[in-house]
Student: 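Handing you a structure now.
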Amino acid sequence: MRIVCLLYSNPTILQAIAEASLQWTPQVAISHEAVFLEIGKCRKLYREQTLLGQLRALNKRFGLKPKVSMANDVPTALAMARFQISQRQNLPIEAVMDYFSPWEPTDVLNSMIALLKKLGILKLEDFLSLPVKTLSSRFGKEAIWTVRKIKEADQILWPPFVPEKTLIEKLEFETGELLTHLEPLLFSAKTIIDRAMIRLKGRGKKASVIKVVIEQEAYSTVKEPERSCQINLSMPQGKVSGILPIIKDRLEAELVKSPLTAPIISIAFQILEWVPAKEAERDFFTKKEEEEEAWGSLVSRLSDKLGKEKVFIASPVERYLPENGWTKTLNQPLEASLPIPSRPLRLLKSPKKITISGKNIYADRKKWEIEEMEGPERLSGEWWFESFDRDYFKVTSRSGEALWIYKTPGTKQYYLHGIFD
């Protein structure tokens, strides 16, 4: 067993740090003042010094500087962090409190510690060297319990750690820095969004539904002191760089319709729903991960502005009928390979009747002069649905536009079906 202890003066941050630390080890616990990580089984994944550097970087993102130590059991790691001592034999006698109750505060041993110090027993090792038979009569039954807990420190039971159901980060502004505009607000909000996303990363998840809550000064003239907007992401997001532009677009649209009427005193960022993230080692030789995040952010921004049903990629499927030969998807497109298929990229929702007179094509009020006409190309099949037979032609007009038209064999009626780009 190998334990990392992070000792804090601010207990309100423990849950967030523990959630973010799940990315390094699944065995995490919190006490009333510290976060503990068991990393004994993870040594082949990273070096201890590497992990300590990553933990320092994590705490810096939360604006924290905890006392950090590493030992072979929980109480020893806690005592070393508290007294900033790297060797157990050098721990002061007050360290018995950490061995007796590492998870919750207690004052059971106060009188025993005071008596031991009067007798000149100032270190933990001095206390352990006392004859066990004399401890109960001289210092009470608590002394026997303490010795036993010190000797069995590596067998201590860990309390279960359960991440919060809703992930929330909030930032409150002091009276002297009240905000009224979006840009400085987003600059400040980036900090809490970053914290929330690193906590989500620890859980191995990506955000699918987020919410931003802005609280204004509750003046009598303010109808809505609290403003909120919920965003359902079309593609899950796992980084601040993907989330922030989406939030900016939504807030800009909301504030144009209904501007803020009072200074902002707080902003909260919530992750309401999430989905599993793809677990993989980072590829240092390509920018694939960054490109995927940027793609997801772009799709989500467009979907939020235009509507989900209007944002898609037309991917080919195996069908003979051209208008049914594609399907909607949001997967990132692959790079085009040559040769490019000789099919138009723009198909009409339904073929449109046209009239061919001489070297002119008429469709509604539009006219094209034929310069070249290639074909026919026979497309037919799908007898299991509703069979069809069509002769397709590619028409190049003098204006430069290329049309894809067809007619049914044996008939004279032509239809416009697509336009080449």
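These numbers were taken from a predicted model, which means no experiment stands behind them. Count residues from 1 along the sequence.
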Student: Quick one: is the NZ or CZ of Lys149 closer than 6.0 Å to the six-membered ring centre of Phe100, and within 45° of its axis?
Tutor: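 Flagged: Lys149 positioned over aromatic ring of Phe100.
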Student: For the pair Ser101 (side chain) and Glu104 (backbone), establish whether a donor and an acceptor sit closer than 3.5 Å, ignoring hydrogens and angles.
Tutor: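 Yes, the answer is positive, given that a donor and an acceptor are paired below the 3.5 Å cut-off.
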Student: Where do Leu51 and Arg47 land on the side-chain contact (heavy atoms from CB on, under 4.5 Å) test, with the steps shown first?
Tutor: CA-CA 6 Å; Leu51 174 61; Arg47 294 170 56 248; over 6 Å; no
Student: Can you measure from CG (Leu379) to CG (Leu321) and round to the nearest 0.5 angstrom?
Tutor: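 Nearest 0.5 Å value for the CG-CG distance: 9.0 Å.
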Student: If only atom types and distance count, is the side chain of Ser31 paired as donor or acceptor with the main-chain N or O of Ala34 below 3.5 Å?
Tutor: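 A pair under 3.5 Å: yes.
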Student: Determine whether Phe269 and Ile243 make a side-chain contact, defined as any pair of heavy atoms from C-beta on separated by less than 4.5 Å.
Tutor: yes
Student: Could you walk me through whether Leu348 and Tyr415 pass the side-chain contact (heavy atoms from CB on, under 4.5 Å) check?
Tutor: CA-CA 10 Å; Leu348 304 183; Tyr415 297 86; over 6 Å; no
Student: Could you tell me whether Lys394 sits above the aromatic face of Phe420, with NZ or CZ closer than 6.0 angstrom to the six-membered ring centre and within 45 degrees of the axis?
Tutor: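 Cation-pi check for Lys394 and Phe420: passes.
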Student: Checking Arg390 against Phe388: charged group under 6.0 Å from the ring centre and within 45 degrees of the axis?
Tutor: yes
Student: Is there a side-chain contact between Cys229 and Arg250 in this structure, where contact means two heavy atoms from C-beta onward sitting under 4.5 Å apart?
Tutor: yes
Student: Which heavy-atom pair separates Gln413 from Ile354 by the least distance, and what is that distance?
Tutor: NE2-O, 3.1 Å
Student: Is Arg88 paired with Glu125 through a side-chain N to carboxylate O contact shorter than 4.0 Å?
Tutor: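 Yes, charged N to carboxylate O under 4.0 Å.
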Student: Decide yes or no for Gln230 and Asn232: does some side-chain heavy atom of the first lie under 4.5 Å from some side-chain heavy atom of the second?
Tutor: yes
Student: With the side chain counted from C-beta on, respond yes when Val147 and Ile144 share a heavy-atom pair under 4.5 Å apart, and no when they do not.
Tutor: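 Sidechains of Ile144 and Val147: no contact.
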Student: Identify the heavy atoms of Ala81 and Lys67 that sit nearest to each other, and give their distance.
Tutor: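 For Ala81 and Lys67, the tightest heavy-atom pair comes out as O-CD, 3.3 Å.
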Student: Is the number of heavy atoms from other residues, nucleotides or ligands under 6.0 Å of Arg148 CZ greater than 12?
Tutor: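 For Arg148, atom CZ is not crowded (no more than 12 foreign heavy atoms under 6.0 Å).
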Student: Do the charged groups of Glu215 and Arg227 touch, with an N to O distance under 4.0 Å?
Tutor: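 Judged by the 4.0 Å cut-off on N to carboxylate O distance, Glu215 and Arg227 do not form a salt bridge.
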Student: How far apart are the closest heavy atoms of Gln270 and Ile168, and which atoms are they?
Tutor: CG-CG1, 3.7 Å
Student: For the residue pair Ile3 and Leu78, establish whether any side-chain heavy-atom pair is separated by less than 4.5 Å.
Tutor: no
Student: Could you give the distance from CD (Glu142) to CG (Leu109), rounded to the nearest 0.5 Å?
Tutor: 7.0 Å
Student: Parallel, tilted or perpendicular: which describes the rings of Tyr392 and Tyr406, with under 30° parallel and over 60° perpendicular?
Tutor: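 Geometry flag for Tyr406 against Tyr392: tilted rings.
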Student: Take Leu37 and Val35 through the side-chain contact (heavy atoms from CB on, under 4.5 Å) test and state the conclusion after the steps.
Tutor: CA-CA 7 Å; Leu37 314 178; Val35 176; 4.1 Å; yes
Student: Assess whether atom CZ of Phe187 is packed by more than 12 heavy atoms of other residues, nucleotides or ligands within 6.0 Å.
Tutor: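 At most 12 heavy atoms, drawn from other residues, nucleotides or ligands, come within 6.0 Å of this atom.
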Student: Any Lys/Arg nitrogen of Lys359 or Glu369 sitting under 4.0 Å from an Asp/Glu carboxylate oxygen of the other?
Tutor: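 Salt bridge between Lys359 and Glu369, a charged N being under 4.0 Å from a carboxylate O: no.
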Student: What heavy-atom pair brings Ala77 and Ala71 nearest, and what distance separates the two atoms?
Tutor: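 So the minimum-distance heavy-atom pair works out to N-CB, 3.6 Å.
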Student: Please give me the minimum heavy-atom distance between Ala262 and Glu217, naming the atom from each residue.
Tutor: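 Heavy atoms of Ala262 and Glu217 come nearest at CB-O, 3.7 Å.
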Student: Return the CG to NZ distance between Leu6 and Lys65, rounded to the nearest 0.5 Å.
Tutor: 15.0 Å
Student: Before giving the answer on side chain to side chain donor-acceptor pair (under 3.5 Å), spell out for Asp73 and Thr76 the whole-Å C-alpha distance, their side-chain angles and the decisive distance to 0.1 Å.
Tutor: CA-CA 6 Å; Asp73 58 74; Thr76 303; 2.7 Å; yes
Student: Does the side chain of Glu372 come within less than 4.5 Å of Glu374's, by heavy atoms?
Tutor: yes
Student: Could you list the donor-acceptor pairs under 3.5 angstrom formed by side chains in residues 11-27, with sequence neighbours left out?
Tutor:
unit_1: Thr12; atom_1: OG1; unit_2: Asn10; atom_2: OD1; d: 2.6
unit_1: Thr12; atom_1: OG1; unit_2: Asn10; atom_2: ND2; d: 3.2
unit_1: Gln15; atom_1: NE2; unit_2: Glu19; atom_2: OE2; d: 3.2
unit_1: Gln15; atom_1: NE2; unit_2: Val162; atom_2: O; d: 3.2
unit_1: Glu19; atom_1: OE1; unit_2: Arg199; atom_2: NE; d: 2.7
unit_1: Glu19; atom_1: OE1; unit_2: Arg199; atom_2: NH2; d: 2.9
unit_1: Glu19; atom_1: OE1; unit_2: Arg203; atom_2: NH2; d: 3.1
unit_1: Glu19; atom_1: OE2; unit_2: Glu164; atom_2: N; d: 3.1
unit_1: Glu19; atom_1: OE2; unit_2: Arg199; atom_2: NH2; d: 3.4
unit_1: Glu19; atom_1: OE2; unit_2: Arg203; atom_2: NH2; d: 2.9
unit_1: Ser21; atom_1: OG; unit_2: Ile17; atom_2: O; d: 2.8
unit_1: Gln23; atom_1: NE2; unit_2: Ala20; atom_2: O; d: 2.8
unit_1: Trp24; atom_1: NE1; unit_2: Gln54; atom_2: OE1; d: 2.9
unit_1: Thr25; atom_1: OG1; unit_2: Gln27; atom_2: N; d: 3.2
unit_1: Thr25; atom_1: OG1; unit_2: Glu38; atom_2: O; d: 2.7

Student: Would you call Lys170 and Ile267 a side-chain contact if the rule is heavy atoms closer than 4.5 Å?
Tutor: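 Counting from C-beta outward, Lys170 and Ile267 never come under 4.5 Å.
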Student: Minimum heavy-atom separation for Gly63 and Arg195, please, with both atom names.
Tutor: N-NH2, 4.5 Å
Student: Between Gln216 (side chain) and Glu224 (backbone), is there a donor-acceptor pair under 3.5 Å?
Tutor: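 Yes, Gln216 side chain to Glu224 backbone: donor-acceptor pair under 3.5 Å.
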Student: Quick check for you: to the nearest 0.5 Å, what is the distance between Gln89 atom CD and Leu124 atom CG?
Tutor: 10.0 Å
Student: Output the distance between atom CD1 (Ile231) and atom OG (Ser208), rounded to the nearest 0.5 Å.
Tutor: 12.5 Å
Student: Less than 4.5 Å apart, side chain to side chain, heavy atoms only: is that true for Pro376 and Lys407?
Tutor: no
Student: Between atom NZ of Lys366 and atom OG of Ser397, what is the distance when rounded to the nearest 0.5 Å?
Tutor: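 Nearest 0.5 Å value for the NZ-OG distance: 8.5 Å.
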Student: Flag the pair Trp103 / Phe36 as yes when their ring centroid distance falls below 6.0 Å, and as no otherwise.
Tutor: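 Yes, ring centres under 6.0 Å apart.
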Student: Are any of the side-chain nitrogens in Glu377 or Arg343 under 4.0 Å away from the carboxylate oxygens of its partner?
Tutor: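 The answer is yes: the pair qualifies as a salt bridge.
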Student: For the side chain of Ser258 and the backbone of Leu255, is there at least one donor-acceptor N/O pair under 3.5 Å apart?
Tutor: no
Student: Should Ile356 and Ile405 be marked as a side-chain contact (heavy atoms from CB on, under 4.5 Å) after you check the CA-CA gap, both sets of side-chain angles, and the distance that decides it?
Tutor: CA-CA 11 Å; Ile356 298 181; Ile405 66 174; 4.0 Å; yes
Student: Does Glu48 come within less than 4.0 Å of Arg2, counting only side-chain N to carboxylate O?
Tutor: yes
Student: Could you check whether any side-chain N or O of Asn59 sits under 3.5 Å from a backbone N or O of Leu55, counting only pairs where one atom can act as donor and the other as acceptor?
Tutor: yes
